Each structure stands twice: as structure tokens, then as C-alpha cells.
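Got a structure here, written out as C-alpha cells. Questions coming.
Note that the structure is a prediction, hence the values are computed from the model and not measured. In each ligand, atom 1 is the first atom listed, and ligand 1 is the first ligand listed.
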Amino acid sequence: MMQTIIGTDITRAAALLREDELVAIPTETVYGLAGNALHETAVVKIYEAKNRPRFNPLILHLADALQIERYALLDAIGSKLAGAFMPGPFTLLLPKKSNVPDLVTAGSDKVAIRVPDHALTRSLLALLDFPLAAPSANPFGYVSPTTAEHVMQGLGGKIPYILNGGSSQVGVESSIAEVQEDTILLHRMGGVSAEMLTAATGLPVIIHNSSHAPSTPGQLKSHYATGTPLYKGNLTELIQKFAGKKIAIISFKDVYTVPDARVFTLSPSGNLGEAAQKLFATMRNIDQMNVELILAEDFPDTGIGRAINDRLNRAQAIFK
Ligand code: TXA
Ligand code: MG
């Protein structure tokens, strides 16, 4: 076990990364577990610390979208998307150049690239002359972290430093998109919605996140899972069905009053962005409580609400 320190010292974080050590970094989506993407020694440590299978590739994080072409081929539509959504909660899947190690892309000829929109992490990236490979900073399969303390709970003792940048503002992982002929494939739903992608390019979006034959291997079904079994659907029906159990409830804006239940209403004012921001912290919080089941509502299937539904659907899949 090594000692894990939480702090805000980007000079120290940069020094560790230059020595192929890992540092957890804050981003606007979720915290990432970062290492030098160009050094296999560092990338191997990422897979090991997370207990992540090596067939599941990592996203390359850059300081600026202008650096994309150092590592990947970018066409006109890709440039347009990068211009519109980077920095931001958005990842582009692109044909990779040979300087990106196969270990990062799990042998694929495509690389996923993102420019996080978080001041501390952008300052850190600006100090480095290499990109950072970073998956979400949670043990494989568990709910992604949105605070430094969440990272400590999952990876404390396994990494030397956690850069503390407060609570992640978006709260769910980046959207992952790929341009294919005259369409955009959306491999993972996140902070940039299908509607936004179409508005920026005029192209139709195909939602492409089948968990059976995932083309982004991280989209396996039993992901984002709490330890406590989670059921999602019509809350009134679920509450009836599980009467007598110790339950926690995750709802969007309506407050449910159920005797003895722990009730978490993510946005009483009906703001999906606020609900997304609180989702993972709420799931983790409930997991620490002594309840038998989590019952979650179906969220409005629009904008970032789709990302919320996606994560909750995957969180329950493991128990079916
Ligand atoms: O918001 C985010 O994207 C966060 C923060 C830390 O940047 N990162 C994140 O990484 O969510 P991770 O590793 O938990 O999820 C990355 C997803 C996985 O589903 C992975 O399979 C997919 O991106 N991916 C990465 N590289 C890929 C590639 N070359 N081809 C296909 N899918 C890829
Ligand atoms: Mg992840």
C-alpha cells in the first residue's frame, strides 16, 4: 500500500506524472485516473489500479483541441465538432496515428480524444509535454467518482496523489461520438446530447451503444453499479411492489413520501443538468446506508436526461 495524498498542487502532480506515476484528476464530467499516455509503464499501472480488463481502451486527454492532429486524423466534420464542443464533456473517436501506444487503444486503430473543461486539470495538462490517458477513477464496474473523496474511497492506497478540483459539474461521463460518412454515431450519451450534435453539424445522429457487441468496450452492461440492488421504472409501481423492504428512492423532481424510505429528489426545480450533477454522489451515498433496494425513476428522455437513464439502466442490469 502506498500513501495517497489529496491536494491542489499541480507542480507535484506534474512531477509524479513525468515519473510514470498515476494521478487522479478532476474534470467537469467525472474524476479521471491519469498517466502518461505515451509510456506503457504508466498505462499498465492504470489498468492494474482499476482492475480493468486490457481490452477496454482509454481516452486520451489533451490541453487543447489544436493538439488533436498530433495523435489522430481529423476531417472537416470532426474539426467542426471539436470546435463546437472542446473543451467540454465530449470525446471524439478518430483514426489514430502510430505514436499512440496500442495499449491505450486496446489494439484498435481508433483513438478516443477529449479536452476536459476544468481549470486545474487544464493548467496541469499545460505543464506536460505528453497527453494523459485517463479512464474514470473508480475500480472497474463501480459508479464513477465526482469528488476527490470518492476517488480516495475506491483507489486510496493504490495511487500517490489525487488532485482536488471540487465536485464535477456535469456529473456523468463525456459523450463519445464518431463521424461515419454522413452520420454521427453516438457511442455513449453524456453532456453533449444528440440534439446538440445535429445542431452543430446538420447531420443525423445514430445512437450506437449496444451493450451486446459494444464497439466501445466499456459499454458493457453491468457498469456504474451500486452494491445495493437497483430497480428503475415507474416509481409508484415499484414502491408498491417492494412494500415492506428497506428502500431508498431516487426521483427527478417529484417528492415521494414513503414511510421509512430514504428519498433523494435530484432536482426539485426540474433541472436535468442539476440531476445529472448529483446522480453518482447520490448513488454512492445510498450505497453507504443500510437499505435493501434502490428504486429509481425513469427520467425525461431528452438532453442529458438520456445519459441519466442510460447510467441507471446499466446500474440495474447486473441484478436481472
Ligand atoms: O468523461 C469521461 O470521458 C471520463 C473523464 C475522466 O474524462 N472518462 C471516462 O473514461 O469515462 P472510461 O475509461 O471510464 O470510459 C471510456 C469509454 C469506454 O467505454 C471505452 O470503451 C471507450 O471510452 N473508448 C476509449 N477508447 C476507445 C477506442 N479507441 N475505441 C472505442 N472505444 C473507446
Ligand atoms: Mg468508466
### Query
Once you round to the nearest 0.5 Å, how far does CG of Leu293 lie from CD1 of Ile249?
11.0 Å
### Task
Counting heavy atoms only, name the option from Pro57, Gly191, Ala137, Ala106 that's nearest to atom 33 (C) of ligand 1.
Pro57
### Message
Between Thr265 (side chain only) and Ser267 (backbone N and O only), is there a donor and an acceptor less than 3.5 Å apart?
### Response
no
### Summary
atom 10 (O) of ligand 1: of Ser136, Pro116, Pro145, the nearest heavy atom sits on Ser136
### Message
Within the 4.5 Å heavy-atom criterion, are Leu266 and Glu274 side-chain neighbours or not?
### Response
no
#### Entry: Of the listed options Thr29, Leu93, Ile59, closest to atom 30 (N) of ligand 1 (non-hydrogen atoms)
Leu93
### Query
How does Arg52 reach ligand 1, by side chain, by backbone, by both or by neither, if only non-hydrogen atoms under 4.0 Å count?
side chain
### Query
Any idea which atoms of ligand 1 are less than 4.0 Å away from a heavy-atom of Ser174?
1 (O), 2 (C), 3 (O)
### Query
For ligand 1, does Arg188 get within less than 4.0 Å through its side chain, its backbone, both, or neither, judged by non-hydrogen atoms?
side chain
### Message
As an exercise, state the distance from CZ of Phe280 to OH of Tyr31, rounded to the nearest 0.5 Å.
### Response
15.0 Å
#### Entry: Beyond-backbone contact of Tyr47 with Leu33, side-chain heavy atoms, under 4.5 angstrom
no
### Summary
So for Ile25 against ligand 1, with non-hydrogen atoms under 4.0 Å, the contacting part is neither
### Task
Check whether any side-chain heavy atom of Phe85 lies under 4.5 Å from a side-chain heavy atom of Val115, and answer yes or no.
no
### Task
Work out whether the distance between some heavy atom of Lys96 and some atom of ligand 1 is less than 4.0 Å.
no
#### Entry: Donor-acceptor under 3.5 Å (Tyr256 side chain, Ile250 main chain)
no
### Task
Could you tell me which atoms of ligand 1, counted from 1 in the order shown, lie closer than 4.0 angstrom to a heavy atom of Arg114?
1 (O), 2 (C), 3 (O), 5 (C), 7 (O)
## Note on the structure
residues 83-107 vs salt bridge (Lys or Arg N to Asp or Glu O under 4.0 Å), sequence neighbours excluded, gives Lys96-Asp102
### Task
Please could you name the atoms of ligand 1 that Pro135 approaches to less than 4.0 Å, counting only its heavy atoms?
10 (O), 12 (P), 13 (O)
### Message
Heavy atoms only: which of Val170, Thr27, Asn138, Val30 lies closest to atom 4 (C) of ligand 1?
### Response
Val30
### Query
Which atoms of ligand 1 have any heavy atom of Gly32 under 4.0 Å away?
6 (C)
### Message
Would you say the Mg ion (ligand 2) has Ser136 as a near neighbour, meaning an N/O/S atom of that residue under 2.8 Å away?
### Response
yes
### Message
Distance under 4.0 Å to a non-hydrogen atom of His61: what atoms of ligand 1 satisfy this?
### Response
5 (C), 6 (C), 7 (O)
### Message
Checking the side chain of Gln316 only, and the main-chain atoms of Lys232 only, is there a donor and an acceptor separated by less than 3.5 Å?
### Response
yes
